[in-house]
Amino acid sequence: MREKGMEEIKKPRDIAVLVGLASPRLEAGDNASEESLEELEALVETAGGEAAASVFQSRTSPDPRTFIGEGKVREIKELVKNEEATTVIFDNDLSPSQLRVLTEEFGVQVLDRSALILDIFAQRARTREGRLQVELAQYQYLLPRLTGMWTHLERQAGTSGKGPIGSKGPGETQLETDRRHIHRKIDKLKEELEEVRRIRGTQRRHRMKNEIPVAAIVGYTNAGKSTLLNALTGANIPANNRLFDTLDTTSRLLTVSDTLDVVISDTVGFIHKLPHQLVDAFKATLEELEYADLLLHVIDVSNPRWQEQAQVVDGLIRELGAEQTPCLRVYNKSDLVWGEIRPHGEMEVNISARTGEGLPELLEAIDRTLDKGTRRVTLHLPYDKGALLDLLYREAKVESVEYAGTIDIVAVCNPRAVGVVKPYIEGWVETLEPWEA
């Protein structure tokens with residue numbers, strides 16, 4: 001009995017047959033490949049399912065009715081029966097009518113890649129903001145699919161008295177009613193997300209006022225971003241070997257050096273063929289990239305396709321208008337790479353977030369990139385210059401204050417603050433430019 005209970009616990013949420021189609025008639029980004037089907041299998045596992053079989057097909061053009069053609073439909077129908085599958089998942093996006101036809105043909109649930117990703121996002125979102133973003137994406141995905149998904153919604157609720165019994169209504173289709181309802185929901189969700197943006201903007205202005213630079217961790221999903229944040233700050237962010245594990249921006253204060261503190265933010269990971277409505281819905285989270293002083297692009301260098309994955313992230317950075325922001329390429333999981341020349345360069349660091357290898361070099365690179373001429377100084381202010389202490393609290397990071405014969409202060413100052421208080425800095429020597437000597 002106990003063993004049966006264990007089996008039930010381990011039973012996957014769904015058993016899936018995966019299907020992908022490649023055709024010269026499809027856009028390059030919409031085509032399936034053996035590699036994208038492997039990624040789809042990882043997505044299925046992330047969603048709590050299990051891939052029982054995978055079918056890849058090349059066609060001159062997609063079939064308008066079934067997408068894959070009648071022969072493949074029969075083949076997959078047999079696979080569903082033999083594997084006792086509960087769902088068929090396509091690596092391509094399907095039209096509403098194709099979804100309906102294939103669901104009827106296979107007798108099980110049919111999803112496309114976008115629907116699967118939305119399901120994962122719905123499971124993973126934790127904060128109110130994350131849930132709002134997922135809900136908005138779901139409604140935006142649902143809206144154009146209403147007609148094909150429910151044929152009963154096409155029934156006209158007319159007032160002529162000639163329709164079937166029960167059809168007499170307000171003179172509009174249920175479909176139109178549902179569309180209006182969804183449009184209202186989308187508008188309301190967008191308003192709530194605008195409020196989230198406003199609050200984020202206030203917090204960001206506060207950070208900018210205090211001149212605390214922001215570093216945003218970006219990267220392909222499962223590259224090790226959360227593990228890196230944990231390693232750098234001791235933050236207790238779940239770091240699991242699952243795609244899309246972080247769906248909400250997490251920010252922590254990181255002391256990089258004795259003169260530099262940085263707000264470091266983890267962001268949602270990206271993936272090939274990410275649904276457009278998800279990118280739009282997550283703009284409230286991703287706009288952190290636009291305002292960041294530094295991007296840490298984490299790349300899983302142990303993945304054979306790391307270059308392709310890095311290009312996906314670079315493309316999104318451009319789409320968000322953050323391509324001018326300094327970017328450190330952080331090659332993670334270097335401990336898993338053997339016998340190869342590691343990428344290297346001024347804005348490149350090799351690390352292992354899991355073992356800690358390379359983290360000191362990463363901190364040095366962050367410090368070097370964000371160095372704004374700050375320095376730690378000891379000041380001795382006369383009491384009649386006490387107003388300068390208020391300036392230091394506004395413009396610098398005051399570490400200690402003691403009242404003796406003078407007001408003795410230790411502070412980390414930016415160049416502007418140093419310029420104001422330099423007559424009172426202990427051991428101050430004016431640095432001359434070569435042309436001034």
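Quick note: residue numbers are just sequence positions, from 1. Everything numeric here is computed off the predicted structure, so don't read it as measured data.
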Min side-chain heavy-atom separation [X]-[Y] under 4.5 Å:
X      : Y      : result
Leu136 : Lys190 : yes
Tyr220 : Val312 : yes
Ile407 : His380 : no
Cys327 : Leu294 : no
Leu40  : Leu116 : yes
Val263 : Leu253 : yes
Phe90  : Val88  : yes
Arg329 : Val349 : no

Note: [X]-[Y] ion pair, threshold 4.0 Å (strictly below):
X      : Y      : answer
Glu191 : Lys188 : no
Arg368 : Glu346 : no
Asp266 : Lys225 : no

Whether the side chain of [X] engages the backbone of [Y] through a donor-acceptor N/O pair (distance < 3.5 Å, no angle test) should be reported.
X      : Y      : value
Glu45  : Ala42  : no
Gln57  : Ile68  : yes
Ser302 : Lys333 : no
Asn332 : Ala353 : yes
Asp30  : Asn92  : no

Closest non-hydrogen atom pair, [X] against [Y]:
X      : Y      : answer
Ala216 : Ala292 : CB-CB, 4.0 Å
Leu21  : Pro62  : CD2-CG, 4.3 Å
Phe56  : Ala22  : CZ-CB, 3.8 Å

Legend entry - Worked verdict on Gln140 versus Ile186 for side chain to side chain contact (heavy atoms under 4.5 Å, CB included): CA-CA 7 Å; Gln140 288 173 328; Ile186 287 173; 4.1 Å; yes

Inset, instruction - Using side chain to side chain contact (heavy atoms under 4.5 Å, CB included) as the criterion, point out the one residue from Val398, Ile425, Leu389 that pairs with Leu379. - result: Ile425

Inset, instruction - Identify which one of Ile15, Ile120, Ile89 satisfies the side chain to side chain contact (heavy atoms under 4.5 Å, CB included) criterion when paired with Val44. - result: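 With Val44 as partner, side chain to side chain contact (heavy atoms under 4.5 Å, CB included) holds for just one option, Ile89.
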
Inset, instruction - Tell me, with the steps shown, if Leu296 and Val218 meet side chain to side chain contact (heavy atoms under 4.5 Å, CB included). - result: CA-CA 6 Å; Leu296 301 179; Val218 298; over 6 Å; no

Legend entry - Residue pair Glu361, Ile351: steps toward the side chain to side chain contact (heavy atoms under 4.5 Å, CB included) verdict: CA-CA 8 Å; Glu361 289 79 6; Ile351 69 159; over 6 Å; no

Does a donor on one side chain and an acceptor on the other come within less than 3.5 Å for [X] and [Y]?
X      : Y      : answer
Asp408 : Thr406 : yes
Glu39  : Ser36  : no
Asp93  : Tyr141 : no
Asp112 : Ser114 : no
Asp14  : Thr86  : yes

Inset, instruction - Compute the centroid of each ring, for Trp306 and then for Tyr331, and state whether the two points are separated by less than 6.0 Å. - result: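 Judged by ring-centre distance (under 6.0 Å), Trp306 and Tyr331 do meet the cut-off.
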
Inset, instruction - Please lay out, stage by stage, how Asp293 and Thr369 fare under the test side chain to side chain contact (heavy atoms under 4.5 Å, CB included). - result: CA-CA 9 Å; Asp293 299 283; Thr369 308; over 6 Å; no

